Amino acid sequence: MTINRQQHWENVYRAKQEGETSWFQPSPDLSLKLIEATGINHGDAIIDVGSGTSRLVDCLLTNGYNNISLLDISSTAIQATKKRLGEASDSINWLISDVTEFSLDHPIKLWHDRAVFHFLTNEDDRIAYIHQLKQYLPAEGHLMIAAFSPEGPKQCSGLDIVQYDTHRIQQTLGQEFKLRESVCEIHLTPAGGEQHFNYFRFLRIN
Ligand SMILES: C[S@@+](CC[C@H](N)C(=O)[O-])C[C@H]1O[C@@H](n2cnc3c(N)ncnc32)[C@H](O)[C@@H]1O
């Protein structure tokens, strides 16, 4: 399962340039706004899981955040991001791993996931993801998940996804996570399509 998933994403990033992927954002403004809304300190540990080649890290560095881990299952995506960042890449903690099974040597204050959790259509994978989340994000930690909404596509990158509204995401994550904010966004793909996303911001309460 893990090998197939990894192969899929390696193939995607080998075949496509950054701006050719449907999820490309020139500037991830909503993620940034929600991260700023948490009020975390610039030195607090942030992880972007399934970071791909997202420019979120560039914006976080520009805004002064300096304790950033980027995780992706695709080494091609990680290499492309390292290349884009140049010298600044030295300050990043890089992880090439499946999000359901990585290990880290420190806790996280803010966990960001845009369009990754929604690929976990298998319950065992969702359980493993949430186990990782709970292991590394202690109480008072912030969680941001962006997923396709029920008005959005049923697939992404040719793979089935799970659409989330506030009820479903809360049910899935459980009572340890308190919803602080949810925002709908219509993402315009580089090809001119519209994709309905829901962005959820949670606080871990216990
Ligand atoms: C739709 S893209 C989103 C990329 C990025 N978050 C963004 O918003 O631009 C999904 C990303 O998740 C990564 N990915 C998919 N499944 C994963 C998994 N199980 N563990 C880690 N990364 C995964 C893919 O390689 C890809 O970079």
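Worth saying up front: this structure is predicted, and the values here are computed from it rather than measured. First listed ligand is number 1; within each ligand, the first listed atom is number 1. Starting from 1, each residue takes its place in the sequence as its number.
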Open item on the list: Can a side-chain donor-acceptor contact be found between Asp48 and His112 if the only test is distance below 3.5 angstrom?
Closed with: yes
Task: Neighbouring residues of ligand 1, heavy-atom cut-off under 4.0 Å - done: Arg5, Trp9, Tyr13, Trp23, Gly50, Ser51, Gly52, Ser54, Leu71, Asp72, Ile73, Ser97, Asp98, Val99, Arg114, Ala115, Val116, Phe119
TODO: Apply salt bridge (charged side-chain N to carboxylate O under 4.0 Å, His left out) to the pair Asp160 and Lys154, showing each step before the final yes or no.
DONE: CA-CA 6 Å; Asp160 289 344; Lys154 291 184 166 44; over 6 Å; no
Task: Partners meeting salt bridge (charged side-chain N to carboxylate O under 4.0 Å, His left out) with Arg204 (sequence neighbours left out) - done: none
Task: Partner residues of Tyr129 under the ring pair (Phe, Tyr, Trp, His ring centres under 6.0 Å) criterion, sequence neighbours left out - done: Trp111, Phe117
- [ ] Can you sort out the partners of Glu10 under salt bridge (charged side-chain N to carboxylate O under 4.0 Å, His left out), two or more places apart, ordered by chain and number?
- [x] none
Task: Proximity of Phe197 and Phe148 rings by center, below 6.0 Å - done: yes
